[in-house]
Amino acid sequence: MPQQDTLFAGAFAGGSRFERENQALEREGQSVMTQHIGELNPPVRLMLTPGPSSIDPRVYRAMATPLVGHMDPWFKGCMDETQILMRQIFQTENRITMPLSASGSGGIEASVLNTLEEGDEGIVAVNGVFSERMYEIAKRASSEVVKVEAPYGKPVDAEDVRRAGKGKRIKIIGLAHGETSTGVLTGIDAYRQVADELGALLIADTVASLAAVPLDVDKQRIDICFSGSQKAISAPPGMSPITVSPAAEEVFRKRKTKVQSWYFDLTTAMNYWGKDRLYHHTPPISLIFALREAMRLVVEEGLQARWERHRVNQLALIAGIEAMGLDLLVKHPADRLPTVTAVMIPSGIDDAKVRNQLLDEFNIEIAGGFGAVKGKIWRVGLMGYCSQKPFVLLFLAALEKCLLDQGFRVPSGAGVGAAIRSYSQVETAAAVSR
Ligand SMILES: Cc1ncc(COP(=O)(O)O)c(C=O)c1O
């Protein structure tokens, strides 16, 4: 379990609305050249968002350790350890396994730009903003890429992808394992089968699912799998772990044209992360320290235990949400992404007012919807360090207060009560099976 040391220590420092307004007033009318900027003092938020998530104090400590050079022999050893941890979390022996110096979107760019050349056919399963982003990036690499869609709140049926690819030379099939914009989980295995039938590489965006949801890159034969440091791994944003199968490496070798992006050319980037350790670009060393520590904590907890923690905490959150009389966007329980719960905003409730109140009164950040579900849902993230019982109970109590203040009738303590019962059931079942 994560440590809870200091999450709320000095929670409101520098973060209250009063303080923000005062600072803005002080600056008003002053020349930019004479304005004094004080020491950085961010508030300590509880980030129950779809990412980034709050991080363990041990990860902060790792990030603040002394800088070393990226060609320092000691750092090269640290790179080895980082890659070992990453392989353990992806569950892969792939040679190309490294953190890209980029946010999760860099993982999308690298995956599709290294595989696709103009004229190549491909399919992206689109059921939200992030899978749409993969489609958009893939389309820029080859005009022959098509999308197969599902309504928001549902996974794309692999059968529809099979139909769309029939009779074509499909080079890649891409999907978002966890679609963060709607909180939908898509099963990988049916897609693998379709990719095998069509002779295509399978690309999975696991930005919102790696280290929280069962995933085994080698067993599930995912050809390119990438993630983001800031979600269930619980490191700061800015790195995108990626892994590439030997079959995908073979496709890279057979390219007729150079990869459009120099920065995201995985073959040359791997000259630095491979055995030669040749300079490619200067990586964000302190972020690598943080990522290494965050991944060490993942492995220390154990993948199975971590998946179970995410599952149990989401079940309790959902029990609480439903007991308060609220609905979920994703109707089918098997389609729910354990890290992101999409809650329908009840009619008559002011979306922004609730989110501002959570921030100002309780120091909790959640996210609204975007794309087609903007203004219709709240997205509550329970990922990595944030997937904890105390945070679930605190959030439900805080949400009840915000809803009551807007006249929404919630039976007193209903959310917290239902969540506690959900936890008790899981604990009883575990005790019985021991
Ligand atoms: C599923 C998914 N893919 C890709 C991204 C893009 O990642 P980033 O914002 O780190 O570039 C996100 C970000 O939320 C995501 O949730």
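Ligands are counted one by one from 1 in listed order, and the atoms in each one are counted from 1 as well. One-based numbering along the sequence shown. Just so it is clear, the values below take in all heavy atoms, side chains as well, and ignore hydrogens, waters and symmetry mates. Please read these numbers as outputs of a predicted model, since none were measured by experiment.
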Notebook entry, point to check: Using the ring of each side chain (for Trp, its six-membered ring), is His280 parallel, tilted or perpendicular to Tyr263, with breaks at 30° and 60°?
Noted result: tilted
Notebook entry, point to check: Rounded to the nearest 0.5 Å, how far does OG of Ser54 lie from CD of Gln230?
Noted result: 13.0 Å
Next item on the list: Just let me know how Arg133 lines up against ligand 1, side chain, backbone, both or neither, with a heavy-atom cut-off below 4.0 Å.
Entry: side chain
Notebook entry, point to check: Do any N/O atoms on Ile108 end up under 3.5 angstrom from N/O atoms on ligand 1?
Noted result: no
Next item on the list: May I ask whether Lys231 places a heavy atom under 4.0 Å from ligand 1?
Entry: yes
Check: Is the backbone of Gly368 close enough, under 3.5 Å, to the side chain of Arg379 for a donor and an acceptor to pair up by distance?
Finding: yes
Item checked: Residue Thr180 vicinity, atoms of ligand 1 by number, heavy atom under 4.0 Å -> 1 (C), 2 (C), 15 (C), 16 (O)
Note to self: Can you confirm whether Lys154 is buried at NZ, in the sense that more than 12 heavy atoms of other residues, nucleotides or ligands lie under 6.0 Å from that atom?
What the structure shows: no
Note to self: Looking at Arg87 and Glu93, is there a salt bridge between them, counting it only when a charged N and a carboxylate O are closer than 4.0 Å?
What the structure shows: no
Check: Salt-bridged, Asp80 to Lys76, with N to O below 4.0 Å?
Finding: no
Check: What part of Ser103 sits under 4.0 Å from ligand 1 if we count only heavy atoms: the side chain, the backbone, both or neither?
Finding: both
Notebook entry, point to check: If we only count N/O pairs under 3.5 Å, is Gln230 in contact with ligand 1?
Noted result: yes
Item checked: Protein contact of atom 5 (C) of ligand 1 - nearest heavy atom, named by residue and atom, plus distance -> Phe130 CD2, 3.3 Å
Note to self: Taking the basic N atoms (NZ, or NE/NH1/NH2) and the acidic carboxylate oxygens, is any pair closer than 4.0 Å for Lys256 and Glu117?
What the structure shows: no
Notebook entry, point to check: Can a cation-pi geometry be assigned to Lys389 and Tyr423, taking NZ or CZ under 6.0 Å from the six-membered ring centre and within 45° of the ring axis?
Noted result: yes
Check: What residue and atom, counting heavy atoms only, is the protein's closest point to atom 6 (C) of ligand 1, and at what distance?
Finding: Ser105 OG, 3.4 Å
Note to self: Against ligand 1, does Pro237 come closer than 4.0 Å with any heavy atom?
What the structure shows: no
Checklist line | Subset of ligand 1 atoms that lie under 4.0 Å from at least one heavy atom of Gly178 | finding: 1 (C)
Next item on the list: Look at atom 3 (N) of ligand 1 and say which protein heavy atom is nearest, naming residue and atom and giving the distance to 0.1 Å.
Entry: Asp205 OD2, 2.6 Å
